[in-house]
Amino acid sequence: MATEHKPKPLPFAANFAAGAIAGISEILTFYPLGKLVVCWTWIERLTYTDVVKTRIQLDTGKSQGLVGTFRSIVREEGVGRLYRGLVPPLLLEAPKRAVKFAANDFWGKTYLEAFGEAKMTQSISVLTGASAGATESFVVVPFELVKIRLQDKTSTYKGPMDVVKQVIRKEGLLGLYAGMESTFWRHVYWNGGYFGTIYQIKALLPKPQSKESELFNNFVSGAIGGFAGTVLNTPFDVVKSRIQGAERIPGVAPAYNWTYPALAKIAREEGVAALYKGFIPKVLRLAPGGGVLLLVVEFTLGIFRQALGPPYI
């Protein structure tokens with residue numbers, strides 16, 4: 001009886017490169033039916049929905065919602081304010097996604113060996129994603145802090161480097177890692193939900209019969225995974241925004257410090273719904289973005305396999 005051929009896993013560098021390419025593609029490109037469309041408006045949409053999302057999350061009062069917040073920013077501060085904090089995400093996107101997928105591959109192999117499994121399971125896929133998110137969180141914290149400080153309504157910073165200089169001067173080098181714990185949980189929950197859902201959705205979808213149907217399955221499962229990850233991690237994103245948006249004042253206890261007490265404080269003072277402030281602009285970006293990420297990663301890894309040849313095919 002012939003044994004099923006199993007391609008050799010690609011090296012770490014290939015997964016790292018594929019993640020970096022996917023990160024850039026998430027911002028700069030969209031693949032409708034597998035065709036590449038380079039689109040500056042994708043950057044614009046990502047940026048201003050992120051600014052609106054951050055503003056909603058930082059607002060401790062009654063939210064104006066997506067449209068109301070958008071109009072308020074344009075009316076009171078001008079259109080240019082919608083693009084505050086553009087540079088940090090652009091600089092971060094490639095290394096962030098590279099670490100995400102390379103770490104997911106690394107932890108997947110590690111857990112399969114540790115648990116003596118030959119194939120990925122639902123529980124291992126969730127654990128693998130959560131571990132990849134934890135790894136990713138250490139890379140993103142300084143960039144996220146700079147972005148949040150620039151996007152705050154009261155921000156007077158001149159630009160990203162001004163944020164870095166002032167934070168280091170006032171709070172020390174470790175000040176750039178304010179919100180590390182909340183960022184850790186945000187990425188653990190998003191990636192656990194993302195990769196765990198992808199595994200389940202792929203199992204439910206019809207087996208692809210062509211390259212096009214495989215790309216379609218990747219996009220659909222990635223988009224649903226992005227939605228699931230956003231549902232799970234939005235409360236932690238709200239807390240992270242609150243922690244990173246507040247400057248540390250010596251001798252004054254911060255209103256928000258640790259993640260789980262902050263979750264309870266927001267729910268108690270503003271209602272449970274406040275934990276999902278900014279959900280709509282966030283999911284509008286991360287659901288289709290999750291689809292693009294997986295589609296591009298799998299497509300790129302396929303190219304690497306063909307280039308490297310046996311035993312990777």
Side-chain angles (χ1 to χ4, degrees), residues 6-7 9-10 14-37 42 46 93 96-109 111-112 117-133 135-136 186-234 279 282-305:
K6 186 177 181 181
L10 285 165
N15 285 281
F16 190 89
I21 293 168
I24 296 170
S25 299
E26 183 192 6
I27 297 180
L28 298 178
T29 69
F30 187 76
Y31 277 76
L33 303 178
K35 294 181 180 180
L36 180 62
V37 178
W42 181 256
L46 181 148
E93 202 60 34
K96 173 183 175 182
R97 303 310 189 187
V99 169
K100 177 197 295 290
F101 284 96
N104 188 70
D105 179 70
F106 169 79
W107 287 114
K109 293 173 182 175
Y111 290 135
L112 285 174
E117 296 283 352
K119 293 183 178 180
M120 185 64 68
T121 65
Q122 178 70 62
S123 57
I124 293 179
S125 67
V126 173
L127 179 60
T128 296
S131 300
T135 306
E136 180 188 35
R186 183 184 79 152
H187 285 265
V188 164
Y189 280 93
W190 196 89
N191 285 275
Y194 180 65
F195 287 108
T197 301
I198 286 170
Y199 175 88
Q200 188 63 44
I201 297 299
K202 279 191 171 183
L204 295 173
L205 289 172
K207 189 174 181 179
Q209 302 299 317
S210 64
K211 191 65 179 177
E212 289 74 18
S213 61
E214 183 180 358
L215 291 172
F216 177 78
N217 281 8
N218 284 329
F219 179 78
V220 170
S221 55
I224 296 174
F227 178 84
T230 305
V231 170
L232 289 173
N233 94 326
T234 297
F279 175 77
K282 182 178 168 71
V283 80
L284 286 174
R285 178 168 61 92
L286 293 180
V292 171
L293 276 177
L294 186 64
L295 185 154
V296 177
V297 163
E298 294 294 343
F299 180 79
T300 306
L301 290 177
I303 293 176
F304 287 156
R305 288 188 183 280

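If you're wondering where the values come from, they're calculated on a predicted model, not measured in any experiment.
- To the nearest 0.5 Å, atoms CE (Met120) and NZ (Lys109) are separated by 10.5 Å.
- Under the rule for a side-chain contact (heavy atoms from CB on, under 4.5 Å), the partners of Gln122 that lie at least two apart in sequence or sit in another chain are Ser125, Val126, Tyr199, Gln200.
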Which donor-acceptor pairs under 3.5 Å do side chains of residues 290-305 form with protein atoms, sequence neighbours excluded?
{"unit_1": "Thr300", "atom_1": "OG1", "unit_2": "Val296", "atom_2": "O", "d": "2.7"}
{"unit_1": "Arg305", "atom_1": "NH1", "unit_2": "Lys8", "atom_2": "O", "d": "3.2"}
{"unit_1": "Arg305", "atom_1": "NH1", "unit_2": "Tyr312", "atom_2": "O", "d": "2.6"}

Donor-acceptor pairs are to be reported for all side-chain atoms of residues 219-232 against protein atoms at under 3.5 Å, with residues two or more places apart or in another chain.
{"unit_1": "Ser221", "atom_1": "OG", "unit_2": "Asn217", "atom_2": "O", "d": "2.7"}
{"unit_1": "Ser221", "atom_1": "OG", "unit_2": "Asn218", "atom_2": "O", "d": "3.2"}
{"unit_1": "Thr230", "atom_1": "OG1", "unit_2": "Trp190", "atom_2": "NE1", "d": "3.4"}
{"unit_1": "Thr230", "atom_1": "OG1", "unit_2": "Gly226", "atom_2": "O", "d": "2.7"}

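- Here the straight-line distance linking atom CD of Glu117 with atom OH of Tyr111 works out to 14.5 Å at 0.5 Å rounding.
- Taken from CG in Leu10 to CG in Asp105, the straight-line distance is 8.0 Å, to the nearest 0.5 Å.
- In terms of heavy atoms, Asn233 sits closest to Arg186 at ND2-CG, 3.0 Å.
- Expressed to the nearest 0.5 Å, how far CG of Leu215 lies from CD of Glu212 amounts to 7.0 Å.
- By the side-chain contact (heavy atoms from CB on, under 4.5 Å) test, Asn191 pairs with Lys100, Glu136, His187, Phe195, sequence neighbours left out.
- Taking the side-chain contact (heavy atoms from CB on, under 4.5 Å) definition, one finds that Ser123 meets it with Thr121, sequence neighbours left out.
- With values rounded to the nearest 0.5 angstrom, Leu127 atom CG is found 9.0 Å from Trp107 atom CH2.
- Partners of Phe106 by ring-ring contact (aromatic ring centres under 6.0 Å, His included), not counting sequence neighbours: none found.
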